[in-house]
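All residue numbers in this chain count up from 1 along the given sequence.
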Amino acid sequence: GRLSLTYWVCAFSVNQHCIICAGNPLGDVDSVTGELYPLCDCGLPKSWNTTAPTTSSGRSIDCEVNKFGDMMKLLSVSDPSFGQVIAIDAGFDIFTRAWCVAEMAAAN
């Protein structure tokens with residue numbers, strides 16, 4: 001029955017601003033304006049995908065944005081009936097956030 005279902009609640013937010021705000025190493029541009037993404041000087045420490053310390057595969061342990069795919073794979077392999085429940089706000093703002101859309105696509 002329903003009481004035997006287990007839910008994983010992802011209650012931790014990734015502060016994407018502090019990950020990407022001080023650098024644009026690939027020279028990425030806005031797809032509409034063609035302008036380079038602006039940088040800020042907030043001074044928060046950054047942890048890129050290759051920032052030490054790293055795993056044996058070279059991926060940063062401290063980086064917050066490189067683990068979602070691994071977690072989805074682990075959960076789906078661990079439990080064949082694994083599924084994802086998405087809470088959607090009344091204004092459907094979740095669909096305007098690239099990271100949220102990427103997570104929904106990865107979970108599909």
Are Ile61 and Thr55 side-chain neighbours, meaning at least one heavy-atom pair lies under 4.5 Å?
-> yes

Taking all atoms of both residues into account, what is the closest heavy-atom pair of Asn24 and Tyr37, and its distance?
-> ND2-N, 3.8 Å

For Val101 against Ile94, the heavy-atom pair lying closest together | CG2-O, 4.2 Å

Check step by step if side chain to side chain contact (heavy atoms under 4.5 Å, CB included) holds for Thr51 and Arg59.
-> CA-CA 8 Å; Thr51 302; Arg59 291 178 29 187; over 6 Å; no

Starting at CG of Asp30, measure out to CG of Leu36 and round the result to the nearest 0.5 Å.
-> 10.0 Å

Taken to the nearest 0.5 Å, the spacing of Ser60 OG from Trp48 CH2 works out to 11.5 Å

Mark yes when over 12 heavy atoms from residues, nucleotides or ligands other than Asp89 sit less than 6.0 Å from its CG; otherwise mark no.
-> yes

Check: Thr50 main-chain N/O paired with Thr54 side-chain donor or acceptor under 3.5 Å = no

Spell out, as yes or no, whether a donor-acceptor pair under 3.5 Å connects the side chain of Asn49 to the backbone of Asn66.
-> no

Is Lys46 salt-bridged to Asp62, going by a charged N under 4.0 Å from an acidic O?
-> no

